Undergrad: 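Can you read through this structure? Questions will come right after.
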Amino acid sequence: MNTVTTAAELKSIVNNFRSQGKIIGFVPTMGALHQGHISLVKRAKSECNVVISSIFVNPTQFNDKKDLEKYPRTYNKDAEMLQNVTCDILFYPSEKEIYPEPDTRVFDFGNLGNVMEGSQRPGHFNGVAQVVSRLFNIVQPHKAYFGEKDFQQLAIIKQLVKQLSITVQIIPCPTLREADGLAMSSRNVRLSPEERKAAPLIAQTLFKVKELYATKTIKELSTFAKQQIGTQKLMELEYFEIVNATTLQPADTKGAAGENVACIALRMGSTRLIDNIIL
Ligand code: AMP
């Protein structure tokens, strides 16, 4: 695996590959890699000739500076994991490399950006759009892989690509879970042993919501999910919402399979976790 730290070098490598007709796949990450990230790299490997993964903890998407400071950084282990799945190129830029000057762009994703994560984390998606558009500009991928774990982020990125007319295909990838159901996340390492033991309730609640989906109303399902989470004293619910999977607005009808998605965000101590299930 070739590790590249400058945008100029990466651009020239990619130009070379593109002129040879190679399909470039891209997996952007913030590091602290787990098997969820690796599943994206494997998917990219199966569909592309050259796979580039980036590790960059993007400061502009952290509305909470403490969260940025505490974000786990495990570069050596990450590089080894990427090497093991034969990722071709690791792009590991400095902040100056991505933002030679402050990015003052303000994006507007309409209602997609106002709900759920958008309302809980002001400025978060603007920062995501800034970094992803910059990374796309440097990497020039044919295909880019994003996890459904961050369902709203995926919707925002699809919208970003449309707004900026970027010619990249966005590939959604399913959420990888631990054996007990907990969605893999870089933040899971911050859970205390007690919190980690309680955390599977999030996925269990979502699975139960899916199981009950055919027989209960949307209101009943919301009440059920909120009650479930309410039973766990270590959890502080931020939101549970059943929304239309395309518009992300509250679902009023159930529709066909895959039309809606149940999304949840909560805090356990100082750790914030999100998860979702497609209904
Ligand atoms: P992050 O490093 O958290 O910014 O995540 C980088 C990419 O990995 C994003 O596209 C995430 O949606 C995706 N991802 C994170 N966790 C998982 C998971 N458990 N399963 C699949 N993809 C994931």
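Numbering of ligands and ligand atoms starts at 1, following listing order. What you are looking at is a predicted structure, and each value in this text was computed from that prediction instead of being measured.
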Undergrad: Is the shortest side-chain heavy-atom distance between T86 and M1 below 4.5 Å?
TA: no

Undergrad: Does S54 reach the side chain of F26, with side-chain heavy atoms less than 4.5 Å apart?
TA: yes

Undergrad: So if I only count non-hydrogen atoms and take anything under 4.0 Å from ligand 1, which residues does that give, chain by chain?
TA: P28, T29, M30, H34, G36, H37, L40, Y71, F146, G147, K149, D150, P174, T175, L176, M184

Undergrad: How would you list, by chain and number, every residue that makes a ring-ring contact (aromatic ring centres under 6.0 Å, His included) with Y92, sequence neighbours excluded?
TA: Y75

Undergrad: Salt-bridge test for D275 and R177: reply yes if a basic N is under 4.0 Å from a carboxylate O, no otherwise.
TA: yes

Undergrad: Under 6.0 Å from the ring centre and within 45 degrees of the ring axis: does the NZ or CZ of K254 meet both conditions for the six-membered ring of Y213?
TA: yes

Undergrad: Using side-chain contact (heavy atoms from CB on, under 4.5 Å) as the criterion, point out the one residue from N49, N2, V50 that pairs with D88.
TA: V50

